[in-house]
Every structure is written in structure tokens, then in C-alpha cells.
Number of protein chains: 8
Amino acid sequence: SLRKGISEAIYGENKTPDQIASIAKRMHDMGQAVLVTRVDEGKAGQVLELAPFLQYNPVARVLHTQYERPTEDSSHLIVPIFTAGTSDIPVAEEAAITLEVNGVSVERRYDCGVAGIHRLADQFPVIQEAPVIIAVAGMDGVLPGVIAGMASCPVIGVPTSVGYGAHFNGISPLLTMLNSCSQGLTVVNVDNGFGAACAALLMVKKVLAAGAKGRSSP
Amino acid sequence: SLRKGISEAIYGENKTPDQIASIAKRMHDMGQAVLVTRVDEGKAGQVLELAPFLQYNPVARVLHTQYERPTEDSSHLIVPIFTAGTSDIPVAEEAAITLEVNGVSVERRYDCGVAGIHRLADQFPVIQEAPVIIAVAGMDGVLPGVIAGMASCPVIGVPTSVGYGAHFNGISPLLTMLNSCSQGLTVVNVDNGFGAACAALLMVKKVLAAGAKGRSSP
Amino acid sequence: SLRKGISEAIYGENKTPDQIASIAKRMHDMGQAVLVTRVDEGKAGQVLELAPFLQYNPVARVLHTQYERPTEDSSHLIVPIFTAGTSDIPVAEEAAITLEVNGVSVERRYDCGVAGIHRLADQFPVIQEAPVIIAVAGMDGVLPGVIAGMASCPVIGVPTSVGYGAHFNGISPLLTMLNSCSQGLTVVNVDNGFGAACAALLMVKKVLAAGAKGRSSP
Amino acid sequence: SLRKGISEAIYGENKTPDQIASIAKRMHDMGQAVLVTRVDEGKAGQVLELAPFLQYNPVARVLHTQYERPTEDSSHLIVPIFTAGTSDIPVAEEAAITLEVNGVSVERRYDCGVAGIHRLADQFPVIQEAPVIIAVAGMDGVLPGVIAGMASCPVIGVPTSVGYGAHFNGISPLLTMLNSCSQGLTVVNVDNGFGAACAALLMVKKVLAAGAKGRSSP
Amino acid sequence: SLRKGISEAIYGENKTPDQIASIAKRMHDMGQAVLVTRVDEGKAGQVLELAPFLQYNPVARVLHTQYERPTEDSSHLIVPIFTAGTSDIPVAEEAAITLEVNGVSVERRYDCGVAGIHRLADQFPVIQEAPVIIAVAGMDGVLPGVIAGMASCPVIGVPTSVGYGAHFNGISPLLTMLNSCSQGLTVVNVDNGFGAACAALLMVKKVLAAGAKGRSSP
Amino acid sequence: SLRKGISEAIYGENKTPDQIASIAKRMHDMGQAVLVTRVDEGKAGQVLELAPFLQYNPVARVLHTQYERPTEDSSHLIVPIFTAGTSDIPVAEEAAITLEVNGVSVERRYDCGVAGIHRLADQFPVIQEAPVIIAVAGMDGVLPGVIAGMASCPVIGVPTSVGYGAHFNGISPLLTMLNSCSQGLTVVNVDNGFGAACAALLMVKKVLAAGAKGRSSP
Amino acid sequence: SLRKGISEAIYGENKTPDQIASIAKRMHDMGQAVLVTRVDEGKAGQVLELAPFLQYNPVARVLHTQYERPTEDSSHLIVPIFTAGTSDIPVAEEAAITLEVNGVSVERRYDCGVAGIHRLADQFPVIQEAPVIIAVAGMDGVLPGVIAGMASCPVIGVPTSVGYGAHFNGISPLLTMLNSCSQGLTVVNVDNGFGAACAALLMVKKVLAAGAKGRSSP
Amino acid sequence: SLRKGISEAIYGENKTPDQIASIAKRMHDMGQAVLVTRVDEGKAGQVLELAPFLQYNPVARVLHTQYERPTEDSSHLIVPIFTAGTSDIPVAEEAAITLEVNGVSVERRYDCGVAGIHRLADQFPVIQEAPVIIAVAGMDGVLPGVIAGMASCPVIGVPTSVGYGAHFNGISPLLTMLNSCSQGLTVVNVDNGFGAACAALLMVKKVLAAGAKGRSSP
């Protein structure tokens, strides 16, 4: 964790409340930020009784410790997070909270799907300013490629399992993103908001470091 | 053929030049238009020696008889055919020639892919006027959904086998189109320009008939 | 919605009752027709308490506002909807209600599967008259291709998830339809009755407009 | 071979001409009928030089010894073999020759695909008389299910690799057949005309034996 | 039904108890045997209250009317049904009851899987006598091919969904059977005991008819 | 192109030499750098005759114009490119040349696969210094995840089609990378060295800009 | 069982408590060790009432009889079992108990995943000593290949269903292992801890026998 | 190589003759045995000119140096290699030569497929004696599971790409083997004779070492 400066996360899906609480306590006692992903409401309640220093975000299905404040010099480095639809919000929130817990500000721009593709023009300033963008989409997974076509920074596409039929629980939007010709688009696993946030976080850190270095040696 | 008013087509891929020529002659002798799809240049040469009443279009890989002229009342019913990239043109041409052989005019709008998604605005008049649109795309297959989001007529998406890796020879753009939320988009098999043209042709005929009926009983 | 003249639909599957009711109210207050698809009985009850202006159709799993009456000149434009089996009816009803809510009449012809393929002869008059046909089939997905072989109008095939084993929840009938040689058949996603209805609706509108234009300029 | 009374077949695809010729000679010297499947024209020429007692059928891509004559009491037991299209004929011929080499008569009914589904009515007498039917189809693979819906005997469906796009080299028609609701339809591997013929042959033998037994103990 | 002499079956999976009972009554009133497949215990109870003339077999998950007695001349035509494991028995029972309801006797030989492949030698007499065999197997699906290698009659393989991991709910044993080199093996869909029984039944009828004809014209 | 500062690339696979040369000339005349990917040796020769201002790299299968020199302030920003095996080098070179043509230096570290996973320790300094890393791997695709586990910058994984059997032409290493738990790893399509380089280039540009901004406002 | 010296196992997943208890009793009465895999807690309780001579391990989901003590000469032959993550432990425990019930000692080394790949160096002595290793991994399935790269004995990889999205319930780590270049790695089905233990057990027995033989004939 | 005592192998498929020869020379100069797999006849000729110390086996498609003689104490440890068909021999030979080059004797038992499953009884002594068995099979991939059912040692199954249709180039027999219930069967990638031999070799070495240790400390 120290090496990367990302709070180590606990993947909560297949773990018991006891396992989660005990790992979280150990991390907390060592002064680390804690992030537990994929925790449903029932399990979260049980963990919170054992580890009351945690908070629960039911939309993101994430347990986490108090947020770090963005440092002053990072306050202008804001990561926009887009979603195509309302149903993609939980995955976007997993990404958002992961960034916020690690001291990076985010700008939520949800429900910008193809139906409103013309409304994307309104997003142009945000897209142009960003150091890196996270774009979350289920169904046909078109949004990240369209945003990457407008952006001058890397875009991380996150396919979601929102869809039906020939959607294959997110494989179809994953393929759409992998086959996009838009320059600068890379992809993570289906519903992996956490993974997208980690990559975005490392990019922001590199940009921050470069700025700091520039200032110190003009 | 008479029933539908579409010239019966011969699928040329697995047939010998002899088989193609003999079926084509029988149709030609009965006064029917002839259309042979999926014929490579070598095979086409052999067929043309046996059936010199045919012409060959090497881009569309189609053998066909002389075109019907669009009738006067259909001249304003023009079917726009879009492609995302240069490499999708052969499939689009298969569709275009199928329509033209059957007396319907087409408007070719090629190479309108995502890279130039902002240039689609220029296509708005053509998209708004159309009775039906054919949109051909390989790679991520995004174009048909975006056009359907702008159109007020049915759009027929044709995925193509142009792509590589996780493209699965056209299955990825096929899935993109099937999972699109844009209203009015339906889909045909990979590279099936002929099939898209048939559906478009039947729509144009229904619109033509309605216009004629309207004129006769105002 | 204005542009296309299709009532915007809400995809209910991954939304909470609160989300659905609030979007529905906003649309209703703006004078729009409302259609919510994929709503199970429990969720529908909760939405109805919040949005009592809606009605629920439990077979189609659709919430909707009062139907538009078909206009006089559209009354002869009736869209036949076929199903192969009893189990395909919910998907067919999703299509039927979508059309009816938008003022188009439908003709339900359910349970016409291969077992009774000879009985399809009885359907010939309906098939011949139609401006466009919707054909819904699970299992082997054969029905739409057979109907398209008899029709002189476009046919929209809707595969359903009804089946087992090597059916892959609707992928097998989807493939059957994509590989059909019948002219005029196009396809939508598995269980996507709404999507089929949208495409059919746009076709009917184009035919209506042509008739009106014909009448006004004979 | 003696046990089943089917001439053992050699699968020629991955074998050298030398391997094929030497196995064929050994079988021939033991007085057995010989059948070699999947042999292209070039390889067949090389084998024929080494094993001149064989004949080559280039459509079926089969090398074989002289046919057995159907015995008198089997002459009325004729197996109809249907194909959906012209391109399915090689697979059908592999089946036909396998039956003929083993002394069973076949009735070839080729090119009866869905386009001509109404022409199937003409086939009703042949379908009703048959002890067992082989139905060969690529593309959407619909034919075997339709025939099985008309027949009162078992039908063996053979999917072929004729098709493109979402056809997956025969997997799509294979799935169509597996998901058919028509009673009495069973399936073999893609392009496996030989396998279908073996199953048909065993059925004919059982019927023959029953007839003989009936005659001997009336 | 009359044509084939197989009692029409009702696929119960996606039907309501009301739908099942009303179809069953109509068939029963017309003097037909009734067979309803894929009915779980809860639904069966509800149907039985509405249609008390039915009986329920909870292993096969089948509702059916009283069995026909095998006719005298068919009593020696017994169809052996094999399963590889204990867990395959429900599918085998679906086949067994389908045959018994239609007046054909069956011989149950369950749990003969590969672990006991050497015990198959004991089954040789039953295998040799049979007019047709049904072999049911999940897991690796090896049994039907091994039996077909020992038999001189057609064997119908039924893959089952019993397995895990790279089993894909029955697709793996389905593929094993399709790729078998054993002569005379054909295949039906995963878990389709009913379909296998229908094909077996039609074979038995043809053998019976041949015997009767032989006796009448010696 | 101006917007992003990446030289627009031409995907050469499905284009004729004429098409490639004419697009390249137009770009060259406008003063743009030119990059043509997926060009085999034969086609390259034909293009070079028509467009002699291009150079050909046969390993990367890329046609390109003269390289930009890295600017002074970017000279310390070097992108390491790793490959697992010798056979992955062409994909890595496509990435390397794309970066170099756009003025970014690269460090080639080829053949660092699992067999030599212990040798990765030697790479630690290079991994620690990098602003972003490209890791190319076929076979099991393990390398990018292992490098991401050691790095404090984003890592872009490129699966390659090098492998056989259950490798599915690159899909297996693609899945390995998508399922990696290593923080900071994102993925592009199989063999898409160009796409990986584009994302890396955009990251480098953001870091450069931050440094410049820092220096100007210390 | 005698032949191999492995206690025959009962696959509990699709069996009723009655079926399990009755098979277990029969084995127990014959003096055999009993092992029942894939038994959830509820079913286990029911079986234990009927077969109180069994014990239940809820992590491994295994019912079993009393362990054999490792014999003296086998006590130095210890099979290390590694897991990549906490969630893979149930599969590892299924393997561990299978070995222990058969008298072989195991060394549990859990949670050694890629995140801690550098910590694998600590495992070097255990890896070097082992006669055979079992390595269990879900997610990207990288661990077994890395261990096999360090080992001088056979390694058996067990993919698990722990993962999400493009993980396909264990197929992705299965593919990773199949495509590994590490010498000595072989693979079993997803979650098949029992199968891996059987193969390891047979190896240990061969090594034991060789040692005994060597001692008796020096 | 020293660590494991397996001669490092060169995977020849995607390498140029120059690359292969130069790696081979380097290994040869260091006194190592050399093994190059997947080399077709044309490429082998080119390599042999550059590296005349190699020999070529055209069936196995392997280049290799002189064989090691089996040491005296290993001479009784013979690895049987089975194939189901003639077409599987090249994969088996790749395994055989890999073992022989490393000083282990093999016993070739080819063409023992299901057609001759009863002939497997003759193989019982060889199967019983073996320290480990390699079983190679394409088509339905049944052979390894049947042999593992008869053996008391580990069996390594090698699926091959020999087959057609629903065989998926070896995936079908791979799945058959993964789903086998036979104890002691593990699997390698399709056509990976080399990998199977490596695992077998490590087992033989462990058995040898145990024997030597036993003799030295009786």
C-alpha cells in the first residue's frame, strides 16, 4: 500500500463478516485507510457491528473509513465519472468513493447515454479539462468510445452487467469498448469500478508529482 | 419472386460457376432480374463466359442483370446507406446494388465512423428525409445506434466482419447493435448487405403503395 | 420523444420504485404518454401507490398511461403479432401494448408454432394485408423465418428466452433468425418486444405519412 | 464390423494417402466393403494409384468399393434424404453413398429449403412412407424440424457448415435442430453425413429383421 | 397426435397451473393420453386439484394419465434406458414414463457410469436384444458412445445438466456425444428425456409395423 | 489530430495499396505525421512506390514518416515496453514506433516471460521510474499483472494472438489481464499495440503539461 | 477402491440426504473410508442424523469418516496446498481433507496471491521439498503457473469459480493455467479440489512404493 | 533447466529459422540438450543448415539433439503413451521424443480408440505397471478417462485438434477430460504433447529419487 499510495482494498463478495471485520481492523490499527467492495446491505450491517469505525455506502455497496481531504495542489485535478444510464450508477459510485477515500475529487456526470448523445456537447468543457476520465456503461457500451473521441486525456471504460439477452452480463459492452477505434480508451473488467479508479488514481499521482517537481525546479 | 417483387438472389459462395450460370440462365429466360452475391473475381470471370448477359461489380462481389430504372413516383424515396469505415464499403455496395437492381435509388454516405461522429450532424437532413436507413459498421459497430438515435424512420444495422482480436469476425458489432437502446434499430446477420436491402425494399414498397392508394382515393 | 413520436419508455428492471415513479411523474406532467417495461408485480404495486395515474399489465409486465385511440386513417393499418408458443406471450404483449399506447392497432395471433405449421395457411390473409409483422419465438426460433417466407412486408423477429439446454436463454432462436434466408426478416435482442414495436411503429408512421401526402397531392 | 453389419469407415481427413491405402487394402483383402470419407480430389488421386479397387465420388468426397445390391426384401425400404440447399448436397451424398454401399436404397430430394417450404407438401407421400428420414441443412437449419413435424418416423437432422457470420460454421443450425419441438428428431455432428447414415442403416436393419421374423412366424 | 400416435405433450416449465389444467382437460375430454413435463412439486399440486384425472411422478417431474398396457405383440420390444449416475435418473424417468404412457415397456439400467465401465459387460445381452437404446449421461457424457460401440441398434444419447465448472450445464456432455465415433449414436437436447423417448417410440412403431406386415404376408 | 496531438493512424488491413497511399499523401501534404498499421511486406512495397516519403518497419508491420525528436523536457519521460516472449515483439514494436513517431522515447525490455519471472527483479528500477508502462503478452498473459503488482504507475496490458489450443487467438490472455487483481492495470484489444501506445502517449502529455505548468508557476 | 487405494467419493450435489446416507452406510459397513463432497450445511445436518458415524467440515463442505494416520514412512511426504486468496480456501480444504482421509499429510499455505507474489520467495523451501504441489486460484489464475516456474515437482492447478464479469465462473483462470508455459503444470476442472487430491495421492503412492522397493532391494 | 533437469524447449511456431538456430546454438554450446517444438518441414530444413547438430523428426515436428541414454536405474520406469486414433500420433510423438531426449523410455500404444475399447483389456498389464501414463485423444476425447478408470497411477490427458464441427479444434475433447469422474486424471492444453511429457518427466524423477534414497538408507 505504501508503495503505490493506494489504500489496499478488500474484495468482500466471498468473505464472511468475520473475515472482513478482522482484516479491516488490522489495516485500521496500522493507520491505513480501509475500503471493502461488493458488500450487500445485510452483510454490511454485521460488519459494522464488529468494526464500527467503518461507514457504509449502500449505492456503491462499499464499506470505508473517513475520507482523506484532497490536498491543496490536487484540488484542481478532478476526475469526471460518466454513466450511460441510471442503472450504471452503483459501479460509478464504487469508482467515485475509491478516488475520494484516496484524496482525489470527482465530478459525477450520470445518465449521459446515447439517447442524449447530443447533450454530450454540454460536457465538452469538463471532458477537455480532465487529467483522466472514467466512463461507465452497460447495454451497448457505446458511451466510453464516444467520450474518448472527444477527449485529449486517457479514458478508462467500465462495462457493466446492466442489460439482458445477447448482453451476456456485461460481455457485450466490454467487447464494444475493446473494439473501439477511439484513441486513448483502455478497459477494465465488467463492473470493476474499483479497478478503474485505481488506474485513474495512479495517473493523477504522476501528474501531481510532475507539477510538484516542475514547481521545485523551474 | 412475383409475390414479393424482389428479384430472387443466388448465394454464390458454395456454388460452382456451372451451377450459378445455369440457375441464372433459367431466371433470365423467365424474364426475371438476376442477382448473385458473394462471388469472387475468379469465379465471376468463369460465370460471365457462360452467362454473358450478367455484369460484375467487384467491390460488392455481385453479378447482376441490367438495373431497373426507378419509377417516377419512387424517385423521391431514396434509401441512405452509411458505413463507419472504408473497409465496410463492400457490404454496403452489396446492399446498394440489391436496391438499385430492384429500382430503388440509394444515397451512399461512406466513412462516417465514430472518429467523425461530430460530422454526423451534417447528415441530419438526409437522415430526417429517409423512409428507411441502412447503416453498416464493423469494429465496435456503434454507428447504426447513433444514427437510429437521430432518425425518425426504421434503421437496419449491418455488422461487418471488419476487425480483429475480440471482434470475433463481426459478432462484437452484432452484439453492440442488438444491445442498443436506440428506438427503431433492427439487425441482420454479419456482412448481410443483401438481407438489409431486402427489408428496406419491402418497406419502400409499402410506403409507395400507401402513397399511390392515397392519391387514388383522396 | 417529440421527434420520433414514440412515447419514451422507462426500462424498469434495475430501477427502484421511487426512481420509476419520479421519472413517470415528470413525463406525465409534461403531457407525455408513459411506458415502463420489465416491472414485476411486487414493484408495480409500489409504483402504483406513488403514481396512481398508471395502469399495470401483469402479463406484459408493463406500466402505462391510458391508451391513445388509433386515428381514423390509421385504423386499417393493423400490425399482426404472432407467437410460436404460449410461453412467448409476455414478450408479445410487451410489443402489443407499446403499439397500442402509441395509437396503433394490433392483431394477436398466438401459439402458431411449428407443431401447427400447417395451420399457418389460415393466417395467409392477415400476413398478406399487414404493413409490417412482429413474430415472437423461443425454442428453435423457426416461426419468424417461415412467416417472412410467406409475407410481402418486413417481418421483425423477436427471439425469447423460453427454452432449455442448448438454448442459451434465447441465443439459439436469435441465431436461427439471423441465419434465415427469408427475405425481409430483421431481428431485435432476446425478449425485446418493446424494441420490435418501436421499429414497427416507425414503419407504420412512414406508411401513414405517405398515404396522407398522397391524398393531399393526388 | 461383422457385429453391426456396417462397413467400417476410414476418416480420411488427417491421414496420408499411404495410411489410407494400406488400411483400405487390409479391409479389402478381408472381404470387407471399404468407405473412406473426407478425401479431397488431390489425395483421392494418390490413393487410387495405390488402391485401384476403390472408386471416388468427388461430390461426396468419398472413396469406396463396389456397391452391394439391395436385397429383395429391403428394396421397398427406401431412405429419403432431403437437403435445404444446393450447397448441402456434398454432406447428403456422403450419407447417400454410405447407405448404398451397405445395400440400402435412397431417394434424393435436394434443395427443399424454406424458400420452397410450401413445396414440401409435394413430398408428403415420400415422408409418410419412409422408415427413417435424413434431413440435411445449413444456414438456419430449419428444414429437419419442419419435416419431423410432418413425419411419422424418426428423422435424423444433419447440420452443415454452409453459412456465414453468426452461423459459426454449422453451430447455429445444430442449435436450431437441438431446440426443435418436433417429435422424433435427433441430431448428429455438423457435416456428419456418414454418422446419420449409420444410424439410419441400423434402424432399417431392425425393421428388416422384424419383417423377416414376422414372415417366418406368422 | 393421431398421425404420429404419440400422445401430445405439454411443456410445463413456463405455464401457469391454470394453463396446464385447461389444456390437459381439453385433451382428456377428447380421449387423448396426457403428458405434462417439467412440472415441479408445488405446481403439480395446484394442477392436480384442477385436473384430478392426472397422476404425478415427482422424480420425472411429469404429470400423466393412466398408462396404456403394452399390446401383446409389442411386449417383447423393450427399450433399455441407461444412466451414467444417480443424478441422471430424473431425465431417464422422463423418458421412461413417456414410453410407458404410450404403451412401450422399458428396462431401467441406472448408474452404469464410467467408474463401472467394466460392469457394462454384464449389460451385453440387454444391449444386443434392444430395438433401440436410450443412454442418459451428465458429467463427461461418455456412456452413450461406449454403449453405441457395443450395440447393433440405434442409440439415442441424452446429455444432462448434472456437472459443474467447465460442464456448462450439459453442453460438455452434449459435445462429447456429438463428437463420438461410435456408429449409430444420435443426440437430443440437454435433459430432453421426452424427446429421446419420442424418437425411440417412432422406431419401435416402425419395427412393430414391419413385424405385423411380415406376419400377414409370409 | 490537432486536438489530441496524436498523428492519425491508418488501419491498413482491409485497405488496398491505392487507398493507403492516397490517404497518406493527403495527410503528408497537410504536414501531418503518417502511421499505417497492419501492412504486410507485399502491400508495403506497393505503397512505397506510390508514397516514397514513407518508411517501412517489417517487424512492426508499420509504414510511417520520419520520427519527431523527443523534446528536451520530455527526454526523461521514457515509456518501458515489456514482452513476455520473442513472438510478442511485433505487437510491442507497433506500440514502440507509434510512440516514437509522436516524439516519445521508449525503452524495449523484451522476452521477460514467466520462465524468467525472477529476472523481473532486475527490471525494478525501470518499472519504478516509468510514467506509464506497456506490457505485451500472449500465451497465458500473466506478465502485465505481475508488472502492475510491482509498479506505482498505470500499466497498459496488450494481449497477443500468440498461442494455441485453448488460447482462442488471444482471448485467453485478454481474460487473464481483465481478471487481474493488480492495481492500475487496464487493457486494450488483442494485438492492439497502437491503441496501447495512444493511451500511453496521452498520459505522457498530461504529465509533461503538468511539469511545464509547475515550472511556469512555482 | 481397493485397486487404487483411494476411498471412493460420493458427489453430493444432486443427491438427496437419503441417497447419500444409504451409500455412505454401505461403504462404511464394508470397512471403507467415506468421503462426500459438495454438501451444504442444511443437507449435511440431515445426513448426519441418518449416518452419525460421519463428521462434517463446513468450510470444505465435505462429510467424511475418521482420518487415517499417515504411516511412518509417508510422514515426510507432505503435499503443500497453496491458494491465491481467502475465497479459494473451501476448494483447497476439499483437496486437503481428501488427502488427509487417505493418510497423506498436507501443508496449508493460503492467501499467497499475486499481491504478495514477492512473498512467494519465502515459500521456496516448501516448494523445493514437495513430491507434488496443489495450487488453487480463482480470479486471474496466475498462481499455479508461477509456482510451477519455481518447482521441480509436478504442480496440479485448480481454478476456482471465485471472480466476476469476464471470469465466467472459473473458465478464465482455467484458461490461464492451460496456456501457462511453466513446465510440470497440469490442470483439473473448476473447483475440483477432490480431483486434484486424487492425482496427488496417486503420485505420492508411487513415490512411497519406490522408496519401499528401494529399501528392500538396496 | 538445471533446476528442473528438463531440457529447456523452444516453441518454434512463431519464430524465424534464424531466431531458432541462434537460441539452439547458445544452448548447445552450454552443453544443454535442445528441443524445438512445432517446426514444419520447410522451416526445419532452414534451421538444419544453420544448426547441423540438430536432428528433425517430421511426425512430431520436433528438432532435437542426440538422445540421452536412460540410466540403468530408470530403465524399468517406462511411460506408456496411448492415442485414440492414427491422427493423434504427431502429438503423442512430441511427448515421446520429449521424454526420450531427457533419458526416459516410452512405450507407444497407438490407435486404441473407443472403436476398440474392448481391446483395452489387452493393455491392462502395461497400464498397471506404469509410474504415470500419457493418453492422447481428439474427437470425443474419451480415451484418457477410460484409461484412468483402469489405472492406479496418475494419467495425463492430452486433447488434440483432430475433429470437425462441434469439436472446436480440440475444445470438445478438452472438456470431456475436464469433466471426467475418473480419479487421477489431469489435463494439459490442446495438442500440448510437450507439456504432458514435462509433467510425466517430473513424476518419474521423483519416483527415481525415492528409489535411490530408499536404496541408500534401507
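Values below: every heavy atom of this structure, side chains too, minus hydrogens, waters and symmetry copies. In what follows, every chain begins at residue 1, and chains take the letters A, B, ... in the order their sequences are listed.
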Is it true that a side-chain atom of Thr176(B) and a backbone atom of Asp140(B) form a donor plus acceptor pair closer than 3.5 Å?
yes
Do the side chain of Lys43(B) and the main chain of Arg38(B) share a donor and acceptor less than 3.5 angstrom apart?
no
I'd like to know which of [options] tops the heavy-atom pair count under 4.5 Å against chain B.
options                                    : answer
Leu185(C), Asn192(C), Asn179(C), Asn189(C) : Asn189(C)
Val132(C), Leu174(C), Leu178(C)            : Leu178(C)
Val188(C), Thr186(C), Leu175(C)            : Thr186(C)

Side-chain heavy-atom pair Lys15(C), Ile10(C) within 4.5 angstrom cut-off:
yes
If the contact rule is any heavy atom under 4.5 Å from chain C, which residues of residues 154-170 of chain B qualify, in numerical order?
Pro154(B), Ile156(B)
How long is the gap from CZ on Phe194(B) to CG on Leu201(B), to the nearest 0.5 Å?
9.5 Å
Rounded to the nearest 0.5 Å, how far apart are CG of Leu120(C) and CZ of Arg109(C)?
11.0 Å
Show the nearest heavy-atom pair for residues Glu94(C) and Asp191(C), with the distance to one decimal.
OE2-O, 4.0 Å
According to salt bridge (charged side-chain N to carboxylate O under 4.0 Å, His left out), who are the partners of Arg108(C), at least two apart in sequence or on a separate chain?
Glu93(C), Glu100(C)
